[in-house]
Participant: 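Can you read through this structure? Questions will come right after.
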Amino acid sequence: MDGVVLQAPPLPRAFYRRDPRLVAVDLLGKVLVAGERSGRIVETEAYLGAADPAAHSYRRRSARNATMFGPPGHLYVYFTYGMHWCCNPVCGDEDEPVAVLVRALAPLGGVDQMRALRPAARRERDLCSGPAKLCQALGIHGGHDGADLVLGDRGVRIVDDGTAPPPDPVVTTRVGISQAVDEPWRWYVRGDPHVSRP
DNA sequence: ACCGGGATGTTCT
DNA sequence: GAACATCCCGGTG
């Protein structure tokens, strides 16, 4: 199974060049790879730029959010709460600053490395059950901001290993925000134990 | 299981 | 100076 993931081609640019809400649901079941570590995406949230007060790109372009304004298929990585990194595949067209926050993974490959990178995680399901947890487990940080997922730039990519998409994903409001709290732009795999908050 | 508070520093007002 | 797309630990029940 690791072999399938390593050989699978990255998702094409066109996959990302769409409404982030469509990309968010279609990312469920795909595999995020960073170096020798990988996990199946089980939870996502869409952020809609100028139409979304909760988005980092709601007001204007800045040094931090610049990647969101760039072409789709690149990874926007930001630092928050003084210690955590979170990662987002950029979606839509260039200059349309929309993206999808990857919120949870089911660990797949390189689990021993993940455990070493996340000593606080006691159980397997604590390894990647949150947007900052999964970045720590996969070793994703600010040095990956802007990396091209389609080219596998800096070792990061998202692949389709042939697994069927989840049949009936759950849709809910987003987590951890104080603006646009009623927008139903979070998706997760029903019943999956690796989701950050069922 | 659930809840409350502290960590820690960048970004924006 | 406040807010922050979070996590962890230690308390209680």
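Residue numbers begin at 1 in each chain, while the letters A, B, ... track the order of the sequences. Because only heavy atoms are used, hydrogens play no part in the values below, and waters and symmetry mates are left out as well, while side chains stay in.
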Participant: Tell me whether A:D126 is salt-bridged to A:R123, with the criterion being a basic N under 4.0 Å from an acidic carboxylate O.
Facilitator: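 Yes, this pair counts.
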
Participant: Taking only residues two or more places apart in sequence, or in another chain, which ones meet A:R186 in a salt bridge (charged side-chain N to carboxylate O under 4.0 Å, His left out)?
Facilitator: A:E43

Participant: Regarding A:H74 and A:Y16, is there a side-chain donor-to-acceptor distance under 3.5 Å anywhere?
Facilitator: no

Participant: Could you name each residue pair satisfying salt bridge (Lys or Arg N to Asp or Glu O under 4.0 Å) that touches residues 135-149 of chain A, not counting sequence neighbours?
Facilitator: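 Only A:R13-A:D148 qualify under salt bridge (Lys or Arg N to Asp or Glu O under 4.0 Å).
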
Participant: Between A:Y78, A:Y47, A:F69, which is the residue that forms a ring-ring contact (aromatic ring centres under 6.0 Å, His included) with A:H56?
Facilitator: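 When ring-ring contact (aromatic ring centres under 6.0 Å, His included) is applied between A:H56 and each of A:Y78, A:Y47, A:F69, only A:Y78 qualifies.
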
Participant: Check whether A:R40 reaches the backbone of A:G29 with its side chain - one donor and one acceptor, N or O, closer than 3.5 Å.
Facilitator: yes

Participant: Identify the pairs formed between an N or O of the protein and an N or O of nucleotides 5-8 of chain B at a distance under 3.5 Å, and give each distance.
Facilitator:
{"from": "B:dT8", "atom 1": "O2", "to": "A:Y81", "atom 2": "O", "distance (Å)": "2.4"}

Participant: Looking at A:D168, is its backbone amide N or carbonyl O close enough to the side chain of A:R190 to form a donor-acceptor pair, meaning the two atoms are under 3.5 Å apart?
Facilitator: yes

Participant: DNA chain B in dot-bracket, Watson-Crick or G-U pairs under 3.5 Å, [ ] crossing, | other strand?
Facilitator: |||||||.||||.

Participant: Would you confirm whether A:R154, through its side chain, and A:G143, through its main-chain N or O, come within 3.5 Å as a donor-acceptor pair?
Facilitator: yes

Participant: With sequence neighbours left out, write down each residue that passes salt bridge (charged side-chain N to carboxylate O under 4.0 Å, His left out) with A:D182, or none if nothing qualifies.
Facilitator: none

Participant: Rounded to the nearest angstrom, tell me the gap between atom CD in A:Q179 and atom C1' in C:dA3.
Facilitator: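 Computing the A:Q179:CD to C:dA3:C1' distance gives 11 Å.
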
Participant: Below 4.0 angstrom, which residues in residues 85-104 of chain A have at least one non-hydrogen atom near DNA chain C?
Facilitator: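 Only A:N88, A:L101, A:R103 qualify.
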
Participant: Could you list the protein-to-nucleotides 8-12 of chain C atom pairs, N/O on both sides, closer than 3.5 Å?
Facilitator:
{"from": "C:dC8", "atom 1": "OP1", "to": "A:R118", "atom 2": "NH1", "distance (Å)": "2.9"}
{"from": "C:dC8", "atom 1": "OP1", "to": "A:R118", "atom 2": "NH2", "distance (Å)": "3.0"}

Participant: Is it the case that the side chain of A:H84 and the backbone of A:Y81 share a donor-acceptor pair, with hydrogens and angles ignored and the cut-off at 3.5 Å?
Facilitator: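 No, because the side chain of A:H84 does not come within donor-acceptor range (under 3.5 Å) of the backbone of A:Y81.
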
Participant: Donor-acceptor pair, distance only, cut-off 3.5 Å: does the side chain of A:R118 make one with the backbone of A:L127?
Facilitator: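 Yes.
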
Participant: Mind checking the CD-OG1 spacing from A:E183 to A:T173? Nearest 0.5 Å is all I need.
Facilitator: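 Output value for this atom pair is 10.0 Å.
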
Participant: Considering residues at least two apart in sequence or located in another chain, which fulfil the side chain to side chain donor-acceptor pair (under 3.5 Å) criterion with A:E96?
Facilitator: none

Participant: Where is the tightest heavy-atom contact between A:C128 and A:P107, given as atom of each residue plus distance?
Facilitator: SG-CG, 4.1 Å

Participant: Within residues 49-70 of chain A, find the residues that approach DNA chain B with a heavy atom at under 4.0 Å, and present them sorted by residue number.
Facilitator: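 DNA chain B contact set from residues 49-70 of chain A: A:R59, A:R60, A:S62, A:R64.
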
Participant: Is any side-chain heavy atom of A:L75 less than 4.5 Å from a side-chain heavy atom of A:N88?
Facilitator: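 No; the side chains remain at least 4.5 Å from each other.
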
Participant: Rounded to the nearest Å, what distance is computed from the OH atom of residue A:Y47 to the P atom of nucleotide C:dC4?
Facilitator: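 Between P of C:dC4 and OH of A:Y47: 12 Å.
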
Participant: Can you name the residues that form a salt bridge (charged side-chain N to carboxylate O under 4.0 Å, His left out) with A:R21, not counting sequence neighbours?
Facilitator: A:D19

Participant: Among residues at least two apart in sequence or on other chains, which ones pass salt bridge (charged side-chain N to carboxylate O under 4.0 Å, His left out) with A:R59?
Facilitator: none

Participant: Given that A:G130 and A:S178 both sit by DNA chain C, which one's nearest nucleotide is further toward the 5' end?
Facilitator: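 Its nucleotide being nearer the 5' end, the pick is A:S178.
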
Participant: Which of residues 189-198 of chain A sit near DNA chain C, with a heavy atom under 4.0 Å from it?
Facilitator: none

Participant: Roughly how many Å is it from CG in A:L75 to P in C:dA5, rounded to a whole number?
Facilitator: 17 Å

Participant: Under the criteria of a ring-centre distance below 5.5 Å and an interplanar angle below 30°, is A:F79 stacked with the base of B:dG9?
Facilitator: no

Participant: Can you confirm whether more than 12 heavy atoms, excluding those of A:F79, are under 6.0 Å from its CZ atom?
Facilitator: yes

